[in-house]
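Structure record follows, encoded as structure tokens.
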There are 2 protein chains.
Amino acid sequence: MKLADLPTPCAVMDLDVVERNIDRMSTRAEELGVRLRPHVKTHKIPFIGRMQTPGSFKGITVSTLAEARTFAEAGFTDITWALPLPLHRLREVVDLGAHIDLGVLVDNADTAARLAESGERLRVWMKLDCGNHRAGVDPTDPASIDLARVLYDAKNLDFQGTIAHAGHSYSTRGDPERLQRIAEEERDLCVDFANRCESRGVAFPHVSIGSTPTCAVIDQLEGVTEIRPGNYVFFDLFQQGLGVCGLDDIALTVISSVLGQHQGRMVLDAGALALSKDPGHEDGSFGRVRSVEGQDLPIELKQLSQEHGLAQGHLPGLDRVRILPNHSCLVAAMHPRIYGVRGDEVVGSWIPARGW
Amino acid sequence: MKLADLPTPCAVMDLDVVERNIDRMSTRAEELGVRLRPHVKTHKIPFIGRMQTPGSFKGITVSTLAEARTFAEAGFTDITWALPLPLHRLREVVDLGAHIDLGVLVDNADTAARLAESGERLRVWMKLDCGNHRAGVDPTDPASIDLARVLYDAKNLDFQGTIAHAGHSYSTRGDPERLQRIAEEERDLCVDFANRCESRGVAFPHVSIGSTPTCAVIDQLEGVTEIRPGNYVFFDLFQQGLGVCGLDDIALTVISSVLGQHQGRMVLDAGALALSKDPGHEDGSFGRVRSVEGQDLPIELKQLSQEHGLAQGHLPGLDRVRILPNHSCLVAAMHPRIYGVRGDEVVGSWIPARGW
């Protein structure tokens, strides 16, 4: 089957580009002397997860228990669920954890106490806030060392160390120095915290950090043992805007039909459910519109409703376009099937895990 | 099962509210003297589609062929696919149309000519632009009457008439007079166009209009035969902001766990894949946060990443919240399962159609 034969809208991953992106990040992890535990939320497809983990360490990171189950079913045995554990899902974690090594995140004393009391054998990571101010404990707060000790001391808990994610690296467009600074802080805050804990007798087997942007720019990771980038498999316009990849490194695109052209506007069948309403860098565009062959077109995609894309532009005879997305993770998650291509040849399709 | 037992994040529809919303719109259509062909894209669930079509007319509107197939499989036999037909999907339309009455939309001369030449027996609607400036032909353009004639004259085409959707009614927040004007224009432009065509010998069996906001405010529909609102089943904060419904009419909500609270912020497990990144009225909020029982809480949900919601607020001991969404159609489409509740009792769950 050829690319031109696919029904639209559809999501397509260029496997040559995927492989190149994977090779680069794997080489980077090797050079930095850390293991790579890729975050598979970007694609949710075991086939891609296997491409990302060819070496001896097969660990991955997931964003949902649904992903954990899908990847466990596909043979993955070392999985970190990178969300602070909601206690009502503990039973599910214990059940899945009976078959694989399933790590969970803790970032508060209540959960730590409940897990320690539960007597359940659990692999736990302590989530640290390295400036992102989403989840995680404050590494400068003395209570954080107490929390680490609770996890370390509990006989039923297999304490892995600390885990952090510098999501605020995504707000550094046009400021590469700030991105560099955030990457260094992510590393330094985690390593320093681990050292302070260790000097108080709380041993940290691992220090795990990483977002695609910080992993792309950091040049030295002494004290860190693991990185967890995810988006690098596909990249997207957001990463490109940060300077982390080029346009031709974007492996995931959406093919759309042109449904009609009227008075300088163009209606596409890729709408909010095919592209997501992620505003990317908020420049008012929901993607970069190219020909199916990859040439930029003078078309601006400025408005999305559920199943319509409304673009500005007029190119008589144009019946299909290819759209580079703002945020590939959301796009991939919304498609029931992702087609894999090499050049214009469709070589297969894969079904991402879904739900929670 | 109780609401409090559902794993989070999850989407929940209050069936008492759904029924009330459905009753109101059905009564409205009856009073206005038009048939109601509800747009099922809001929920994509045949069970709800049947609740919406209890009378003798069982017609529905869909946004994708995937919805059309799902609803045809469930017994619906009169379906309009409300997207200008992409010609590469004609074969699928013909196949499905062999089993049910499947109407398609045409808004350009190329497609009209191709359908007429195809010889295939097809039910067609002519899509009119009533000021929304997305798809559709200009009713003031004389060429539009020629297009109607092509569709009317073709022996293989079963011409249904004209169809329009005043999507620009969604931009009338704070301006109820403009909403009223748009609703009247939607009606007047379509009826006037149909009359002009009929005076030239092109008979229009139907004039179909409607969005939830315009159907809510219009008080007279002479010349119109059909309305196609969709969102009214669930409503959402967007509709509430337009004054079209109250907060307690919003039937679809998302239940989220509180994963942790740190320094005035709260991390939820409802992120972009549970709530969509639809900005709603762009007031910077991704939903209205309530207790599971429905009391407003002093929590502002200002940031979403893939699986995290980041809110401002601090309520020690809070472990679950209920979120009224900005845009219920996108929320429902992203959940693999929608739970139905009556009060705090879970009475079932349904799987929405998916893909294209």
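Naming: A, B, ... by sequence-line order, numbering from 1 per chain. Only heavy atoms go into these numbers, but all of them, side chains included; no hydrogens, no water, no symmetry mates.
- The main-chain N or O of B/His308 is never found under 3.5 Å from a side-chain atom of A/Arg134 such that the two would form a donor-acceptor pair.
- With a 4.5 Å cut-off on non-hydrogen atoms, B/Ser63 touches chain A through its backbone and its side chain both.
- Pairing each heavy atom of B/Trp356 with each of A/Pro336, the nearest pair is CZ3-CD, 3.8 Å.
- Residue contact with chain A, scored on non-hydrogen atoms closer than 4.5 Å, is absent for B/Gln303.
- Between chain B and the options A/His262, A/Gln261, A/Gln306, A/Arg354, heavy-atom pairs under 4.5 Å are most frequent for A/Arg354.
- Most heavy-atom pairs under 4.5 Å with chain B, from the set A/Ala272, A/Gly167, A/Cys329: that is A/Cys329.
- With B/His88 contributing its side chain and A/Thr8 its backbone, the two residues share a donor-acceptor pair below 3.5 Å.
- The choice from A/Gly271, A/Ala274, A/Ala82 that makes the most heavy-atom pairs within less than 4.5 Å of chain B is A/Ala274.
- A heavy-atom distance below 4.5 Å is found between the side chains of B/Arg89 and A/Pro7.
- Separation of atoms OG (B/Ser257) and CG (A/Leu83) is listed at 9.5 Å; rounding is to 0.5 Å.
- For the set A/Asp107, A/Leu85, A/Val258, the entry with the most heavy-atom pairs within less than 4.5 Å of chain B is A/Asp107.
- By the 4.0 Å N-to-carboxylate-O rule, A/Asp129 lies close enough to B/Arg265 to be salt-bridged with it.
- Considering all non-hydrogen atoms of both residues, A/Leu310 and B/His133 come closest at CD2-O, 3.3 Å.
- For B/Leu6, the part sitting under 4.5 Å from any heavy atom of chain A is the backbone (N, CA, C, O) and nothing else.
- Counting heavy-atom pairs under 4.5 Å between each of A/Gly355, A/Pro86, A/Cys10 and chain B puts A/Pro86 at the top.
- Looking at B/Asp319, neither its backbone nor its side chain comes within 4.5 Å of chain A, counting heavy atoms on both sides.
- Nearest heavy atom pair, residue B/Asn108 against residue A/Leu259, reads ND2-O, 3.6 Å.
- Among the candidates A/Gly260, A/Ala333, A/Gly309, the residue making the largest number of heavy-atom pairs closer than 4.5 Å to chain B is A/Ala333.
- For B/Arg320, the part lying under 4.5 angstrom from a heavy atom of chain A is the side chain only.
- For the atom pair B/Asp141 CG and A/Gln263 CD, the distance stands at 7.5 Å (nearest 0.5 Å).
- Of the two parts of B/Leu273, the backbone and the side chain both hold a non-hydrogen atom closer than 4.5 Å to a non-hydrogen atom of chain A.
- With a 4.5 Å cut-off on non-hydrogen atoms, B/Ala66 does not touch chain A at all.
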